[in-house]
Number of protein chains: 2
Amino acid sequence: MALSHAILSALTERPCSGYDLAKQFDGSVGFFWHASHQQIYRELTKLEQQGLVTAEAVPQEGRPDKKLYQVTEAGQALLRDWIAQPSKGSPLKDELLVKLFVGYLVPPETAIAMLQQERSHHAATLEEYQAIEQRYFAKPAAMTPAGQFQYITLRNGIHYETAWLTWCDETLATLRSMNQGQGE
Amino acid sequence: MALSHAILSALTERPCSGYDLAKQFDGSVGFFWHASHQQIYRELTKLEQQGLVTAEAVPQEGRPDKKLYQVTEAGQALLRDWIAQPSKGSPLKDELLVKLFVGYLVPPETAIAMLQQERSHHAATLEEYQAIEQRYFAKPAAMTPAGQFQYITLRNGIHYETAWLTWCDETLATLRSMNQGQGE
DNA sequence: AGCGAATATGCAAATAGTTGACTATTCACA
DNA sequence: TGTGAATAGTCAACTATTTGCATATTCGCT
């Protein structure tokens, strides 16, 4: 199932501890997948039992010892096969859109405030992505294939956030004109 | 939790049977929420026990009898309160992006084929949305508030699909140039 | 010394979601 | 008459996810 694949993908990109993996899922991987740390550890145990990853205890200084996880050959082969299979679509679940579906139940000011909040959240995320783009992907043509594929996922995020902002602006304009229409 | 809210929203828009509700979740509501019909019936039972919806048996001719569900005053009040609360963000889970994160594991031709398939899927969805827009929302300014809010959600879908298409085209161009770069 | 934060890991219960299977009614068609 | 499709609904087992909680180490600060 997809969490195992997401974990294998993240570890293929960079072997790391369970803790760091969870931080990846809060960070860069979190844009296109997410999981709680409890889930991640649970899945890592399974993957290890299946021989798809190895766990190696690494003593550290100044911090607790950690377990370094890396993908085995079998793990990578499984990932390769999975990549080549048709992807399942990703059905959306968006609370804001559910709310807007019956947005007429609340005053327009409420809806407007909701959209403004949503807009500022997406604007902040877009800025974050653009900062990453500038910092790490300033010269895409000069990057390794691995880097280029990572950039591709970042570009998806940038398009996504841009589309949300465009829609927020359009919707705010609509709501404001509805509000004025009702003020008469 | 959100499925109950999604059901209350759908029933507020139009009281209907469990079967029709499931069809709504396969159709228009399915763009921003989804649930299996088993889940829907289960949730309806709960909502009825909580006094948030009523179920009324309706005899029919030429088809089995049905249960018509509608939202109670309490249900609508709960929905109104929920709408006014801050929305939780909707973390994404996208299998294709996981695959592309480690896309270098497969030949570029495989990645290109993946993107082409994805592109055609999004193009078809966009066409569907645009057809709905033309058919039901040709004159947004002349619509009821309820209709306008529905149109707002449709517009989100249109922006979303458009962004995906743009990104697919951009990514296909990238992959093709990577493929040519490697062909040397 | 104790506390909080960061690093590092893990268990368990409850809830949410998926999948499989099933029943019943009605209609249309071979 | 039997079959398949559409309408209409239900039960159950399994998987995935969320939430709460916990342990341990190390560091820095009061």
Side-chain angles (χ1 to χ4, degrees), chain A residues 1-7 10-11 15-27 29-30 32-50 53-70 88-95 98, chain B residues 1-8 10-11 15-27 29-30 32-50 53 55-70 88-95 98:
Chain A
M1 189 38 217
L3 176 57
S4 56
H5 297 127
I7 288 177
L11 288 177
C16 59
S17 67
Y19 185 83
D20 277 338
L21 194 58
K23 294 210 33 205
Q24 283 263 84
F25 273 73
D26 287 338
V29 175
F32 49 81
W33 208 267
H34 63 279
S36 65
H37 82 266
Q38 290 95 327
Q39 218 181 349
I40 288 167
Y41 283 110
R42 187 168 25 207
E43 198 65 40
L44 283 170
T45 303
K46 284 193 206 148
L47 288 171
E48 200 191 346
Q49 284 165 356
Q50 291 164 5
V53 304
T54 56
E56 174 196 349
V58 177
Q60 295 192 105
E61 305 239 357
R63 33 183 71 170
D65 297 354
K66 70 184 175 185
K67 277 158 82 170
L68 184 73
Y69 290 92
Q70 29 193 5
K88 278 177 276 185
S90 46
L92 292 178
K93 286 194 178 184
D94 192 284
E95 203 173 276
V98 178
Chain B
M1 191 35 221
L3 177 57
S4 57
H5 297 128
I7 287 177
L8 289 173
L11 288 178
C16 59
S17 66
Y19 184 85
D20 277 338
L21 192 58
K23 295 215 22 210
Q24 282 263 86
F25 273 72
D26 287 338
V29 175
F32 49 81
W33 209 266
H34 63 278
S36 63
H37 81 266
Q38 292 95 328
Q39 217 182 353
I40 288 167
Y41 284 110
R42 185 163 29 191
E43 198 66 39
L44 283 171
T45 304
K46 283 191 206 150
L47 289 170
E48 199 191 345
Q49 284 165 358
Q50 291 164 3
V53 303
E56 175 196 349
V58 176
Q60 294 193 106
E61 304 240 358
R63 35 183 69 172
D65 298 354
K66 71 182 173 186
K67 277 157 84 169
L68 185 72
Y69 290 93
Q70 29 194 5
K88 279 178 273 183
S90 47
L92 292 179
K93 286 195 175 183
D94 192 285
E95 205 172 274
V98 177

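The chains referred to below are lettered A, B, ... by the order of the sequence lines, with proteins before strands, and numbering in each begins at 1. It should be emphasised that the depicted structure is a prediction, and the values quoted were computed from it without experimental measurement.
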In whole angstrom, give the distance that lies between atom [atom1] of [X] and atom [atom2] of [N].
{"X": "B/Asp20", "N": "D/dA6", "atom1": "CG", "atom2": "P", "answer": "15 Å"}
{"X": "A/Asp26", "N": "C/dA6", "atom1": "CG", "atom2": "C1'", "answer": "14 Å"}
{"X": "A/Lys23", "N": "C/dA6", "atom1": "NZ", "atom2": "P", "answer": "9 Å"}
{"X": "A/Leu3", "N": "D/dT17", "atom1": "CG", "atom2": "P", "answer": "6 Å"}
{"X": "B/Ile40", "N": "C/dA16", "atom1": "CD1", "atom2": "P", "answer": "15 Å"}
{"X": "A/Glu56", "N": "C/dA8", "atom1": "CD", "atom2": "C1'", "answer": "16 Å"}
{"X": "A/Glu43", "N": "D/dT18", "atom1": "CD", "atom2": "C1'", "answer": "15 Å"}

Using ring pair (Phe, Tyr, Trp, His ring centres under 6.0 Å) as the criterion, list what pairs up with B/Tyr69, not counting sequence neighbours. none
Please write out the pairs of protein N or O atoms and N or O atoms of nucleotides 18-20 of chain C separated by less than 3.5 Å, giving the distance to one decimal.
| from | atom 1 | to | atom 2 | distance (Å) |
| --- | --- | --- | --- | --- |
| C/dT18 | O4 | B/Arg42 | NH2 | 3.2 |
| C/dT19 | O4 | B/Gln38 | NE2 | 3.4 |
| C/dG20 | N7 | B/Gln38 | NE2 | 3.3 |
| C/dG20 | O6 | B/Gln38 | NE2 | 2.3 |

The side chain of A/Tyr19 is closest to which nucleotide in this list: C/dT9, D/dG9, D/dT17? C/dT9
Holding to side chain to side chain contact (heavy atoms under 4.5 Å, CB included), I want the full list of residues that pass it with [X], two or more places apart in sequence or in another chain.
{"X": "B/Phe25", "result": "B/Leu3, B/Ala6, B/Ile7, B/Ala10, B/Leu21, B/Val29, B/Trp33, B/Ala35, B/Ile40"}
{"X": "B/Gln70", "result": "B/Pro15, B/Thr54, B/Glu56"}
{"X": "B/Thr45", "result": "B/Gln49"}

Mind checking side chain to side chain donor-acceptor pair (under 3.5 Å) for A/Gln24 and listing every partner two or more places apart, or none if nothing turns up? A/Ser28
Using the test side chain to side chain donor-acceptor pair (under 3.5 Å), find all partners of A/Asp94 that sit at least two apart in sequence or belong to another chain. B/Ser90
Can you see which heavy atom on A/Glu95 is nearest to which on B/Lys88, and at what distance? OE2-N, 3.1 Å
Considering all heavy atoms, the nearest B/Ala57-B/Pro59 contact: O-CD, 3.9 Å
So, the side chain of B/Tyr41 versus the backbone of B/Ser36: is there a donor-acceptor pair under 3.5 Å, distance only? no
Please state whether the phosphate of D/dT10, meaning OP1 or OP2, lies under 4.0 angstrom from any side-chain nitrogen or oxygen of B/Tyr41. no
OP1 or OP2 of D/dG9 less than 4.0 angstrom from a side-chain nitrogen or oxygen of B/Ser17, does that happen here? yes
At what angle, to 10 degrees, do the two end axes of the helix from C/dA1-D/dT30 to C/dA30-D/dT1 meet, given five pairs define each axis? 0°
Quick one: does A/Leu44's side chain get under 4.5 Å of A/Leu11's, heavy atoms only? yes
In Å and rounded to the nearest 0.5 Å, what is the OG to CZ distance from B/Ser17 to B/Arg63? 9.5 Å
Considering only heavy atoms, which members of residues 59-67 of chain B lie under 4.0 Å from some atom of DNA chain D? B/Gln60, B/Arg63, B/Pro64, B/Asp65, B/Lys66, B/Lys67
